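Only one structure is covered here, and it is reproduced in the block below.
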Amino acid sequence: MKKSVFAAMSSILVLSAALAGCGGGGEKTGEQGASTGKEQTSGPKVLRMNMHSEPPTADPALAEDSTSGALLRATFDGLTRINEDGKPHESVAEKVDVSEDGLTYTFHLRDSKWSNGDAVTAKDFEYAWKRALDPKLGSTYAYQLYYLKNAEEYNMGKAKADDVGVKAQDDKTLVVTLKNPTPFFLELTAFYTYFPVNQKVVESDAKWAGEAKSHVGNGPFKIDTWEHKSKLVLAKNDNYWDKDAVKLDKIDFSMVEDENTELSMFDNGDLDWAGAPMSALPTDAVPALKDSGKMETRAIAGTYMYKFNTEKAPFNNAKIRKAFAYAIDRKSIIDNVTQTNQEPAMGLVPPTMAVATSPYFKDNDAETAKKLLEEGMKEEGITKMPTLTLSFNTSEGHKKIAEAIQDQWKKVLGVDVKLENKEWKVFLDDMHQGKFQIARSSWTGDYNDPYTFLDLFKNKKGSNNDTNWENPKYQELLNKSALEKDPEKRKQILAEAEAIFMDEMPAAPIYYYTHSYVKSDKVKGVVLDGLGFVDWKWADIQ
């Protein structure tokens, strides 16, 4: 969410995405579900959910994971918003004009307000986008704005902020100039890196995004209560321009890391929803939930993977990285651990936007894995593999997957791997600083195009890459794809790029995501889209 994710989420959980994104393919949740024991018959409409872990940030420029992304979609609104049909629609912008060459977008803003009553202006968008690109801020998602003219140059310190292709012509008119025609740009303007921020609020308080009392957004909800690592409550924002569409009075989030406790809370009627996209169902409970018909499952465009730190031995060697990737028995993990109809990932890009015509390698290819490991060790002058460390963030599902793969690597490769569990924010920080050898990761699309997966590994620094891998030919192909107007030729270019990635294997794809959850049948209108993100704007308790 992917980003980044959810990204970037970004998804941090075994049955949801690391970095959540935006894009097509959305739909309402099904109306079927399990009734819980404590019915809300009158009074305020409150949706009760579990967030699983503390959101690392509520600042659109700094968010890179699915938990933060979901919070931001509730508390902010972009120029566009992905509606119930899964497509971008005008939101803060009431009209959009696009030039014939596809390079200039003129957004005409409606009357709207911040949660503190200030008017939302075009300058808020210009300020927010340039702030996210400012190299001093260090936003890992700044590259999501590189579609703007001179945006990458400014972020790399090679241009001025005034050179970036976004200008507030007046309070109600925002003119955006792109580097190249970008067919999915209106999907991007619904993504959280493109959300506005209130300049006065941001500049008056460096910690504005960390507490309920100082947080200011322009979305359907506002942060009412934030007891860190305990609970977070969102309340309907009466200053929201489309407040009549918002039916919930509050969303009450618990922060319980244990999935079994969360499911018990649901069964006892203390939660209206359990599982994805904000958490995960306990793997041991999945078979019974499946048999009961209570569990809902849907495929999303996301890839669960293990990243390698390519700048630290032994994973500076591509053959060793490929050996570890080939030695994984993905089908066994899906059948015996995750158990929610995932598909083994034999490439980086998920099936809904695939560019490859056949798998890049064979699942559970033990013989090839052994051969590659032997060759890689010889190249590196290694006679015995050291004990390695696999890091993951706190989750029962991540732990069980890690234990299964730990066992597979020992049996196939004879390598000892120790497991390292970390709290989510610490885990993210350590990954970004290169403090890992192998790390659990995932990515869901930020928009409905294969580029959203391939772009993740374009640059070794300044993004959610973390592997420190970079390849000039790979970069050249991605740049070439941005200029290619013929869809089939562009697909071929992106396939060439993915083939380079899979040959060098800076990250080992494991499976393509599904979202599985249980919910009360009184919960209606929650939007879960094909890229894995959630929107509660239209949610209701009936």
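Quick caveat: nothing in here was measured; it's all calculated off a predicted structure.
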Exercise. For the pair N83 and D85, evaluate side-chain hydrogen bond (donor to acceptor under 3.5 Å, both in side chains) and give the outcome as yes or no after the intermediate values.
Key: CA-CA 5 Å; N83 282 19; D85 60 4; 5.6 Å; no

Self-check item: Residues L188, F185; criterion side chain to side chain contact (heavy atoms under 4.5 Å, CB included); working and verdict
Solution: CA-CA 5 Å; L188 282 170; F185 186 66; 4.1 Å; yes

Quiz item: Run the side-chain hydrogen bond (donor to acceptor under 3.5 Å, both in side chains) check on T189 and T80 step by step: do they pass?
Solution: CA-CA 6 Å; T189 55; T80 57; 2.7 Å; yes

Self-check item: Stepwise side chain to side chain contact (heavy atoms under 4.5 Å, CB included) check, L174 with Y105
Solution: CA-CA 8 Å; L174 186 74; Y105 286 69; over 6 Å; no

Quiz item: Does the side chain to side chain contact (heavy atoms under 4.5 Å, CB included) test come out yes or no for W469 and F308, once each step is laid out?
Solution: CA-CA 9 Å; W469 175 80; F308 300 110; over 6 Å; no

Self-check item: Derivation and outcome, side-chain hydrogen bond (donor to acceptor under 3.5 Å, both in side chains), residues Y143 and K458
Solution: CA-CA 10 Å; Y143 71 90; K458 184 179 179 183; over 6 Å; no

Exercise. List the steps, then state whether side chain to side chain contact (heavy atoms under 4.5 Å, CB included) holds for V46 with L248.
Key: CA-CA 6 Å; V46 182; L248 293 178; over 6 Å; no

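Separation of atoms NZ (K524) and NZ (K519) is listed at 5.5 Å; rounding is to 0.5 Å. To the nearest 0.5 Å, atoms OG1 (T283) and CD (E259) are separated by 8.0 Å. Between T121 atom OG1 and N198 atom CG the span is 8.5 Å, to the nearest 0.5 Å. Atom OG1 of T452 is separated from atom CH2 of W443 by 6.0 Å, given to the nearest 0.5 angstrom. To the nearest 0.5 angstrom, N218 atom CG is 8.5 Å from S91 atom OG. Here the CG-CG distance, from D455 to N459, works out to 7.5 Å after rounding to the nearest 0.5 Å.
Taking all atoms of both residues into account, the shortest heavy-atom contact from L186 to P88 is O-CB, 3.4 Å. Of all the heavy atoms in L234 and F221, the pair that sits closest is CB-CB, 4.0 Å. Nearest heavy-atom pair across A58 and L72 is O-CD2, 3.3 Å. Between Y192 and A63, the shortest heavy-atom contact is CE1-O, 3.4 Å. Nearest heavy-atom pair, M353 versus A301, reported as atom, atom and distance to 0.1 Å: CE-CB, 3.9 Å. Between P196 and F125, the shortest heavy-atom distance links the atoms CD-CE2, 3.4 Å.
You'll find the side chain of V527 stays beyond 4.5 Å of the side chain of K537, heavy atoms only. Side-chain contact between T67 and H52 is absent, with no heavy-atom pair separated by less than 4.5 Å. Counting heavy atoms from C-beta on, the side chains of D258 and E396 never come closer than 4.5 Å. Considering only heavy atoms from C-beta on, R48 stays 4.5 Å or farther from M265 through its side chain. Side-chain atoms of V349 and F501, non-hydrogen and from C-beta on, never get closer than 4.5 Å to each other. The shortest side-chain heavy-atom distance between P56 and L428 falls under the 4.5 Å cut-off. Counting heavy atoms from C-beta outward, D466 and H432 have side chains that approach closer than 4.5 Å. Under the 4.5 Å side-chain criterion, counting only non-hydrogen atoms from C-beta, E211 is in contact with H228.
With Y304 as the fixed residue, the side chain to side chain contact (heavy atoms under 4.5 Å, CB included) test singles out one of R440, R330, Q342: R440. Put simply, the residue from E262, E257, K231 that forms a side chain to side chain donor-acceptor pair (under 3.5 Å) with N50 is E262. For the pairing with W114, the side chain to side chain contact (heavy atoms under 4.5 Å, CB included) check across D124, V201, N239 returns one residue only, D124. Under the salt bridge (Lys or Arg N to Asp or Glu O under 4.0 Å) rule, K45 has a single partner from D272, D540, D249, which is D540.
Residue-environment remark: NZ (K247) exceeds the threshold of 12 foreign heavy atoms within 6.0 Å. No more than 12 heavy-atom neighbours from other residues, nucleotides or ligands sit within 6.0 angstrom of NZ on K425. Other residues, nucleotides and ligands contribute at most 12 non-hydrogen atoms within 6.0 Å of the NZ atom of K123. Surrounding NZ of K422 are more than 12 heavy atoms belonging to other residues, nucleotides or ligands, all under 6.0 Å away. The 12-atom threshold is not exceeded at NZ of K200, counting heavy atoms of other residues, nucleotides or ligands nearer than 6.0 Å.
Between Y513 and Y511, the ring centre distance stays below 6.0 Å. Aromatic ring centres of F184 and Y147: separated by under 6.0 Å. Aromatic pair F457/Y474: ring centres not closer than 6.0 Å. Remark: aromatic rings of F107 and W129 are distant, center separation not under 6.0 Å.
No donor-acceptor pair closer than 3.5 Å links the side chain of E296 to the backbone N or O of Y517. Remark: side-chain polar atoms of T225 are not paired, donor with acceptor, to backbone N or O of L232 under 3.5 angstrom. At distances below 3.5 Å, at least one donor-acceptor pair connects side-chain atoms of S68 with backbone N or O atoms of T57. For Q339 (side chain) and V337 (main-chain N/O), a donor-acceptor pair under 3.5 Å exists by modelled atom type. Judged purely by atom type and a 3.5 angstrom limit, T310 uses its side chain to pair as donor or acceptor with the backbone of T467. Remark: side-chain polar atoms of D430 are not paired, donor with acceptor, to backbone N or O of K435 under 3.5 angstrom. A donor-acceptor contact shorter than 3.5 Å is absent between the side chain of N237 and the backbone of K222. Although no hydrogens or angles enter the test, the distance criterion places no donor-acceptor pair under 3.5 Å between the side chain of D429 and the main chain of Q433. E343 contributes no side-chain N or O that, together with a main-chain N or O of Y512, makes up a donor-acceptor pair within less than 3.5 Å. For S112 (side chain) and V92 (main-chain N/O), no donor-acceptor pair under 3.5 Å exists by modelled atom type.
Salt-bridge annotation for D242 and R81: absent, with no side-chain N of the basic residue lying under 4.0 Å from a carboxylate O of the acidic one.
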